[in-house]
Structure formats: structure tokens, C-alpha cells
There are 2 protein chains.
Amino acid sequence: MNLTARSSQDAAAPAHDRVYRALRTRIMHGEVTPGAALTLRGIGREFEVSMTPAREAVRRLAAEGALFLSSSGRVSTPELTNERIEELAALRALLEVELASRALPRAHMALIDRLQMINATVAEMVSKRDAVGYIRTNLEFHRTLYLRAQAPAMLAMAETVWLQLGPTMRALYGRLRRTDPPQNHRLIIAALKAGDEPGLRLAVRSDVTQGLRLLAG
Amino acid sequence: MNLTARSSQDAAAPAHDRVYRALRTRIMHGEVTPGAALTLRGIGREFEVSMTPAREAVRRLAAEGALFLSSSGRVSTPELTNERIEELAALRALLEVELASRALPRAHMALIDRLQMINATVAEMVSKRDAVGYIRTNLEFHRTLYLRAQAPAMLAMAETVWLQLGPTMRALYGRLRRTDPPQNHRLIIAALKAGDEPGLRLAVRSDVTQGLRLLAG
DNA sequence: CATGCTTTCATGTGATCACAAAGCCCGCCG
DNA sequence: CGGCGGGCTTTGTGATCACATGAAAGCATG
């Protein structure tokens with residue numbers, strides 16, 4: 001008899017996958033700082049696995065750009081240059097504007113309601129100055145919308161970009177002291193309600209590129 | 001003394017990297033058919049390495065979408081649905097139009113000359129009905145142009161899409177019996193010469209999406 | 001001849017080990 | 001006091017092995 005089959009994907013999954021997922025969310029949510037070093041043995045110790053699954057998880061994350069491998073194989077979170085950050089922001093704009101546009105005709109009231117719920121939590125995180133919580137709920141807002149686009153490959157690419165920006169976003173929003181609620185999110189919701197595609201594209205583009213300009217100079 | 005330091009990146013690199021690169025080009029150039037099965041021990045035997053580096057290479061390629069891992073861990077090249085193909089084509093259009101647009105102001109005569117040289121080889125491959133050769137030189141044409149965009153992250157994403165489409169492109173172009181030279185490539189070159197950005201965007205979009213419509217129906 | 005089961009084999013997973021090289025730290029010498 | 005060298009430690013790499021699982025082949029049965 002098989003004792004596996006847990007709730008969703010927490011245990012019962014291969015060890016390397018469990019490690020991969022844990023590290024992935026940690027990086028995407030900005031729980032690690034740019035340039036932070038990781039070691040295979042350290043990861044193995046933390047997750048109580050051997051080096052083998054740790055190595056596979058790291059390799060996979062490195063392939064997605066979430067981790068940087070030095071020439072000697074040392075692994076750390078990437079420290080992005082300003083140029084790279086701007087390029088990734090442009091990628092976010094490109095991909096997410098398209099995703100939002102594709103989601104628009106499928107966005108019904110239930111979705112908009114859920115987006116408003118999530119957005120309330122985003123505002124709460126901003127007011128609490130909880131950087132990690134803000135990043136997490138902000139990404140949840142975007143993902144909830146984009147899921148309606150029915151474009152899994154495109155969404156995967158967008159998430160890859162989020163992953164690459166994770167540690168840097170934390171560092172950015174961490175030193176950003178603002179308490180104003182997410183205005184662009186309101187514009188996105190309004191455009192969704194009105195079925196205004198150009199407005200939606202503009203709002204998404206603004207939301208995605210804002211906060212990443214404040215580093216130049 | 002260290003005997004390493006070869007020409008470029010062929011040997012002297014870690015075994016897993018060597019295996020990764022070999023498999024990657026094989027997949028991207030369409031040298032494998034969709035759904036083809038691979039085994040870790042088989043890869044290890046072919047490249048004279050153990051299972052460990054073979055596993056890392058496979059894991060990395062799977063993370064890029066170049067390989068499909070079944071729930072039991074079996075590895076094969078992906079068999080794409082029509083919807084997935086259309087989505088990837090849309091991604092190509094999105095990314096490559098942007099890359100071409102960014103390359104345009106930097107495209108000097110030397111680049112255009114080189115593109116014309118490559119394009120001659122593309123035409124030759126078409127006339128010889130060499131599917132793999134066609135895919136390889138066609139991608140070289142695009143990559144040569146996009147390198148001028150100075151956008152490494154964006155180029156990497158485009159290459160990831162190529163990788164996912166590799167086996168399918170082979171299957172498509174394999175049963176496509178045409179001998180007409182690549183007309184869209186000429187349009188791209190003409191637009192580059194004229195500095196015509198809208199024309200360039202249109203030409204790239206056409207080139208990228210053509211040949212992927214002929215599967216619907 | 002088709003169908004169901006059982007046995008067998010191939011395959012992925014994860015742990016452990018030996019090895020080489022890259023850091024790192026401490027002490028020595030200028 | 002500062003730069004530098006040598007030994008120690010940490011780290012990644014790759015090989016090998018035991019194990020569990022899932023697929024495939026063979027066999028018997030209807």
C-alpha cells in the first residue's frame with residue numbers, strides 16, 4: 001500500500017522538487033538579499049536532504065536566472081546591474097501588457113472582486129511596510145489576473161522575470177519609504193470594469209515599470 | 001600545472017555543462033523528433049559520463065522547457081499542442097519584434113552584409129531541403145540581428161522559446177515541401193537598410209509567425 | 001486470438017564518498 | 001604596519017551504489 005498522496009504538493013513530492021519550490025518562493029518573494037551566498041551542503045542541512053537533491057534544485061533555479069553560478073560553481077543570488085534591471089522591467093512590460101490584454105475579454109465580475117480583495121491586502125502590506133508581504137501579494141494580484149489569459153507559457157516567462165527580480169525588488173522596496181496605496185492597481189481594475197483595453201495596457205505598463213526608475217541617477 | 005584552457009568551451013568545462021550544451025543544440029536545431037525518449041544512463045553512455053552530470057543537464061533543459069519530465073521522472077522531448085505552438089509563436093513575435101526594433105539604430109553596414117551572407121546560406125539549405133541546416137542558419141540569422149539589441153535577458157528568453165519549439169519546428173519544416181527563398185528575411189534586410197522601424201517590426205512578425213499557421217485545420 | 005496477470009527489467013531518486021580546486025585565515029617578512 | 005605566502009578548510013564535481021517504482025514482456029487463461 002502506498003502512503004503518499006498528501007494535500008497538494010508539499011511532501012510526497014521528490015526531495016529535489018520540494019527544495020526547489022521552497023527556494024523559489026523564498027527568492028521570488030524577496031526573502032533573500034542580492035548577492036547572498038548559498039552552499040549545497042548548507043541547503044542539504046536545512047532541508048535534511050543530501051547534496052544531490054540540493055544540487056538539482058540549485059541547477060534548476062540557475063537555469064531560470066534565479067541564482068547566479070560563479071565560474072567555480074559557487075552559487076549566490078544575482079546582483080543585477082541597472083541596465084539589467086531596466087531590461088527586465090521592459091520584459092515585464094512586454095509580457096504582462098500582453099497577458100492583461102488577453103485576460104480582459106475573459107475577466108468577469110468574480111475575478112474583479114477577487115482582485116479588489118487582493119488589492120486591499122496589498123494596501124495593508126504597504127501601510128505596514130512589510131516588503132516581503134507586499135511583493136507576495138502584489139505578485140498574487142498580477143498572477144490572478146494573468147491566469148485568465150489562458151497562456152501558460154507566457155505566464156511562466158513572466159514568473160521567470162519576477163524570479164530574477166526577486167532579491168532586487170526586496171532591496172528596492174525595502175529602502176523605499178512610501179505609504180500611498182497602489183494607485184496603478186486601481187487603474188487596472190477600473191480598466192477591467194470598463195473593458196477599456198488601451199487603458200488597461202497603459203495601467204499595467206505603468207504599474208510594472210514604476211518603482212524601477214527610481215534607481216537611475 | 002593545469003592542462004585546461006581549451007579553445008572556447010568544448011572541453012575543460014564541467015561534464016554536466018558539456019552534456020547540457022550538446023543536448024541543447026541538438027534540441028534547438030531540431031535534430032530530435034517530438035516525443036523522443038531519453039534516459040539518464042543512455043545520455044551518460046553516449047557522453048561517457050556517469051548519471052550525475054547527465055541528470056543535471058536534463059534538469060537544466062527541463063527547466064528551460066526544452067525537455068518534458070513525466071510524473072515518474074521519465075524524460076522526453078515535448079509534444080506540443082497546437083495551442084501551445086500558437087502561444088510560443090506569439091511569444092516569438094512579441095520578443096523578437098522588440099529585439100529587432102532595439103537592434104535597428106545600431107545596425108550598420110557590416111551587420112547587414114553579414115545578414116545577407118547568412119541569408120544566402122539559408123536559401124541554400126531551403127533548396128537542399130535540409131531541415132536541420134535550415135533551422136540552424138535561420139536561427140543564426142535572427143540571433144545575429146538581435147545581438148545588436150544589447151539586451152541579453154531578452155535574447156535569452158527568445159532562445160528559450162526557440163528551444164521549446166525545436167523538435168516541433170523540425171517536424172513542421174520536415175513535411176513542408178517548399179523551395180522558395182526566405183522572402184521575409186529580404187524584407188527584414190530592406191527595412192534595416194532603410195531604417196524603417198514599422199516595416200522592420202512587420203517583417204519580423206511575419207517571418208516569425210509564418211510557417212506556424214499551416215498546422216491549424 | 002485476445003485479455004488479464006505476473007514476473008522481470010529498465011529507470012529515476014537519493015545517499016555517500018573520493019577528489020580537486022577555490023577561499024580563507026594566520027603568520028611571516030619587508 | 002602592510003602585503004604576501006602557505007597550510008587548512010570549505011565547496012563543488014562526478015562516480016557508484018542501494019532502493020523503489022513503473023513499464024514492458026511473457027505467460028497462462030478464456
Side-chain angles (χ1 to χ4, degrees), chain A residues 1-6 9-24 27 32 34-79, chain B residues 1-6 9-24 27 32 34-79:
Chain A
M1 178 167 185
N2 195 348
L3 290 185
T4 58
R6 298 298 181 82
Q9 303 236 39
D10 49 324
H16 64 85
D17 215 53
R18 188 165 48 90
V19 176
Y20 164 77
R21 255 190 287 269
L23 291 179
R24 183 177 199 267
I27 294 169
V32 288
L38 294 178
T39 66
L40 299 184
R41 287 175 178 85
I43 294 170
R45 210 174 308 127
E46 178 179 353
F47 293 95
E48 297 182 327
V49 295
S50 79
M51 291 173 58
T52 312
R55 229 195 308 187
E56 296 185 43
V58 162
R59 208 55 79 192
R60 200 168 153 191
L61 288 165
E64 297 181 77
L67 291 177
F68 169 74
L69 270 67
S70 83
S71 60
S72 68
R74 310 293 260 252
V75 46
S76 60
T77 50
E79 297 182 274
Chain B
M1 176 165 185
N2 197 346
L3 290 185
T4 58
R6 298 299 181 82
Q9 302 235 44
D10 48 324
H16 65 85
D17 216 53
R18 187 166 48 89
V19 175
Y20 164 76
R21 255 190 288 270
L23 290 179
R24 182 177 199 268
I27 294 169
V32 289
L38 294 179
T39 66
L40 299 184
R41 287 174 177 86
I43 294 170
R45 210 174 308 126
E46 177 180 354
F47 293 96
E48 297 181 328
V49 296
S50 79
M51 291 173 57
T52 312
R55 230 197 305 191
E56 296 185 43
V58 162
R59 208 53 81 190
R60 200 169 153 190
L61 288 164
E64 298 181 76
L67 289 177
F68 169 74
L69 269 66
S70 83
S71 59
S72 68
R74 310 291 260 255
V75 45
S76 60
T77 50
E79 296 182 275

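What you are looking at is a predicted structure, and each value in this text was computed from that prediction instead of being measured. Proteins come first, then strands; the chains are lettered A, B, ... in the order of their sequence lines, and each starts at number 1. Scope of the values below: all heavy atoms of this structure, side chains included, with no hydrogens, waters or symmetry mates.
- Rounded to whole angstrom, the span from the CD1 atom of B/Ile43 across to the C1' atom of D/dA15 amounts to 17 Å.
- Computed from coordinates, the A/Arg60 CZ to C/dT13 C1' distance equals 14 Å when rounded to whole Å.
- Look at CE on B/Met51: it is 14 Å from P on D/dA18, rounded to the nearest Å.
- Of the listed nucleotides (C/dT13, D/dG12, D/dT13), D/dT13 has the atom at the smallest distance from the side chain of B/His16.
- Comparing A/Arg45 and B/Glu48 by the nucleotide of DNA chain D whose heavy atom lies nearest to each, the residue mapping closer to the 5' end is A/Arg45.
- Rounding to whole angstrom units, CG of residue A/Asp17 and P of C/dG12 are separated by 16 Å.
- Between the CD atom of B/Glu56 and the P atom of C/dG14 there is a distance of 14 Å, rounded to whole Å.
- Between D/dA15, D/dA18, C/dA15, one nucleotide has an atom nearer to the side chain of B/Arg41 than all others, and that is D/dA18.
- Distances shorter than 4.0 Å separate some side-chain N or O of A/Arg59 from OP1 or OP2 on D/dT13.
- Contact annotation: A/Ser72 reaches the phosphate of C/dG23 (side-chain N/O to OP1 or OP2, under 4.0 Å).
- With C/dA15, C/dA18, D/dA23 as the choices, the nucleotide that has an atom nearest any side-chain atom of B/Arg74 turns out to be D/dA23.
- Taking the side chain as every heavy atom from C-beta outward, B/Val58 and B/Leu38 never approach each other to under 4.5 Å.
- With rounding to the nearest 0.5 Å, the separation of CZ in B/Arg24 from CD in B/Glu64 is 5.5 Å.
- With sequence neighbours excluded, the residues that form a salt bridge (charged side-chain N to carboxylate O under 4.0 Å, His left out) with B/Glu46 are B/Arg26.
- In this structure, B/Thr77 contributes its side chain and B/Leu67 its backbone to no donor-acceptor pair below 3.5 Å.
- Of the candidates C/dT13, D/dG14, C/dG12, the closest approach to any side-chain atom of A/Arg55 belongs to D/dG14.
- Listed pair B/Thr52 / D/dG14 fails the phosphate criterion, with no side-chain N or O lying under 4.0 Å from OP1 or OP2.
- Across the protein-nucleic acid pair, A/Leu38 atom CG and D/dT10 atom P stand 18 Å apart, rounded to whole Å.
- The existence of a salt bridge linking B/Arg60 and B/Asp17 is confirmed by a sub-4.0 Å separation between a basic side-chain nitrogen and an acidic carboxylate oxygen.
- For the pair A/Tyr20 OH and C/dT13 C1', the computed distance is 19 Å after rounding to whole Å.
- In this structure, CG of B/Leu40 is placed 9 Å from P of C/dT11, rounded to the nearest angstrom.
- Take the nearest nucleotide of DNA chain C for A/Pro53 and for A/Ser71: the residue whose nucleotide is more 5' is A/Pro53.
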